[in-house]
Amino acid sequence: MPAASWIRPEPHGIYIPPADCWIDPGRPVGCALVTHGHSDHARGGHGRTIATPATLAIMDLRYGVDATDTGGATPVPYGETVALNGGVAATWLPAGHVLGSAQILLERGGERVVVTGDFKRRADPTCPPFVVTPCDVLITEATFGLPVFRHPPIEDEIAKLLAARATNPERCVLVGAYALGKAQRLIAELRRAGYHDPIYLHGAMERMCGLYRDWGVDLGVLLPVAGLPKGALAGQIVVCPPSALNDRWSRRLPDPITAMASGWMRVRQRARQRNVELPLVISDHADWDELTETIREVNPAETWITHGREEALLRWCELNQRKARALAMVGYEDEDD
Ligand SMILES: [Zn+2]
Ligand SMILES: [Zn+2]
């Protein structure tokens with residue numbers, strides 16, 4: 001029998017027929033097991049949603065999950081196991097990607113399958129680190145699955161940001177960062193680097209930063225940009241969603257140095273497209289070395305690749321005598337690089 005024949009990859013999610021459950025489905029289903037709160041993985045409207053308590057809080061903030069779900073939401077803390085139908089057990093384990101993010105370990109008849117969701121191996125002050133979990137089938141992402149993607153140490157990127165601020169006291173540094181995860185990690189890393197001045201927020205970042213604070217992540221003093229005179233922001237750091245970097249909103253800031261925190265900033269063309277003056281290569285996804293190292297450490301009999309740049313990773317598996325297949329799943333990108 002082929003490995004994990006009780007799991008069926010579909011274009012819009014991973015289906016578990018004996019349990020009649022889906023992982024990160026792209027459309028409303030009866031029962032969804034959700035890895036984390038990014039909108040490409042977590043959607044509202046499912047009959048029942050099972051996820052970590054923090055992920056459910058994020059989904060509630062964004063979609064009002066409690067209000068829309070008929071069967072409600074089931075919180076599962078890290079390390080706890082839920083018995084599903086058809087003899088399937090599911091356990092949520094830290095993925096190190098954003099607050100609440102999890103890998104899902106599925107077990108049935110002695111067979112073990114791990115779905116990583118999005119993950120990274122670097123330290124992140126806003127969430128617990130990825131847990132290496134031995135299994136028969138590893139279902140992994142490959143967003144940055146090319147050898148050209150090697151993320152630099154985050155300390156170097158934070159130092160660049162602080163240097164730009166220090167040498168331009170009459171300007172402000174405006175950093176584009178995704179509202180869930182990247183923004184809070186950036187702020188927490190600035191604090192870790194010894195920056196304790198207030199950090200200013202675009203209105204769209206405020207609620208999620210508040211949620212992180214409620215979940216015990218210390219982000220220091222955060223203040224809204226709204227209502228401040230232009231001059232007050234000279235020499236300050238402002239965080240906004242990437243979409244606000246070049247829009248009318250940014251004209252209220254004093255000659256901003258436009259920065260963006262993303263793994264894609266490794267690609268010059270992407271930085272140019274967004275008119276980014278100060279590209280910061282900060283990613284919440286595994287880079288090439290983290291992907292290959294994770295496959296080595298987990299050492300599964302088979303590796304299935306959900307989405308991203310799967311060709312190079314498939315080839316790497318082949319060269320290393322590892323059985324692998326690409327699932328070519330759709331719709332799992334963009335919000336969270
Ligand atoms: Zn994703
Ligand atoms: Zn994500």
Side-chain angles (χ1 to χ4, degrees), residues 9-14 22-27 32-44 49 51-52 54-59 61-63 65 78 92-104 114-124 126-131 138-146 149 151 154 176-186 188 205 208 211-212 215 217 241-243 260-265 270 281-288 290-291 294 304-310 313 326-337:
E10 299 271 341
H12 297 281
I14 291 162
W22 293 77
I23 295 181
D24 292 353
R27 48 182 70 150
L33 317 183
V34 174
T35 59
H36 68 286
H38 278 137
S39 59
D40 49 336
H41 299 259
R43 289 161 210 259
T49 301
T52 62
T55 294
L56 288 174
I58 290 164
M59 291 178 73
L61 180 75
R62 296 188 137 184
Y63 315 118
V65 161
Y78 290 130
W92 276 250
L93 299 160
H97 176 57
V98 297
L99 180 71
S101 67
Q103 315 170 61
I104 300 177
V114 167
V115 181
T116 64
D118 293 338
F119 76 99
K120 71 174 175 292
R121 303 297 302 273
R122 312 285 176 110
D124 180 337
T126 70
C127 60
F130 182 93
V131 173
L138 177 69
I139 305 184
T140 180
E141 61 133 327
T143 303
F144 290 106
L146 283 174
F149 291 113
H151 307 323
I154 192 165
Y178 288 98
L180 167 55
K182 189 66 60 67
Q184 296 78 21
R185 183 180 176 213
L186 178 92
M205 322 298 273
M208 195 59 77
L211 184 146
Y212 266 65
W215 283 81
V217 179
S243 59
M260 165 113 181
S262 162
W264 296 114
M265 290 298 103
R270 296 245 189 167
V281 185
I282 299 177
S283 176
D284 286 330
H285 289 271
D287 68 4
W288 175 256
E290 292 169 69
L291 287 169
T294 300
W304 299 358
I305 305 165
T306 54
H307 66 289
R309 272 118 227 99
E310 51 260 57
L313 198 57
L327 305 181
M329 300 181 71
V330 296
Y332 287 107
E333 236 171 78
D334 289 342
E335 203 213 355
D336 56 345
D337 45 30

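Indexing begins at 1, ligand by ligand and atom by atom, following the structure's order. Just so you know, these numbers use all the heavy atoms, side chains as well, and skip hydrogens, waters and symmetry mates.
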Does the H151 side chain pair with the main chain of V281, one donor and one acceptor, at a distance under 3.5 Å? no

Among the N/O/S atoms of H36, the Zn ion (ligand 2) lies closest to NE2

Of all N/O/S atoms in D118, the name of the one nearest the Zn ion (ligand 1): OD2

With sequence neighbours excluded, residues passing side chain to side chain contact (heavy atoms under 4.5 Å, CB included) with A32: P25, V29, V34, H46

So, of the N/O/S atoms that D40 has, which is the nearest one to the Zn ion (ligand 1)? OD2

Would you say the side-chain atoms of Q103 pair up with the backbone N or O of V131, donor to acceptor, closer than 3.5 Å? yes

Answer yes or no as to whether an N/O/S atom of H97 is found below 2.8 Å from the Zn ion (ligand 2). yes

Which residues share a ring pair (Phe, Tyr, Trp, His ring centres under 6.0 Å) with W22, sequence neighbours left out: Y15

Of all the N, O or S atoms in H38, which one sits nearest to the Zn ion (ligand 2)? ND1

With a cut-off of 2.8 Å, does H41 place any N/O/S atom under that distance from the Zn ion (ligand 1)? yes

Ring geometry between F119 and F130 (parallel below 30°, tilted from 30 to 60°, perpendicular above 60°): tilted

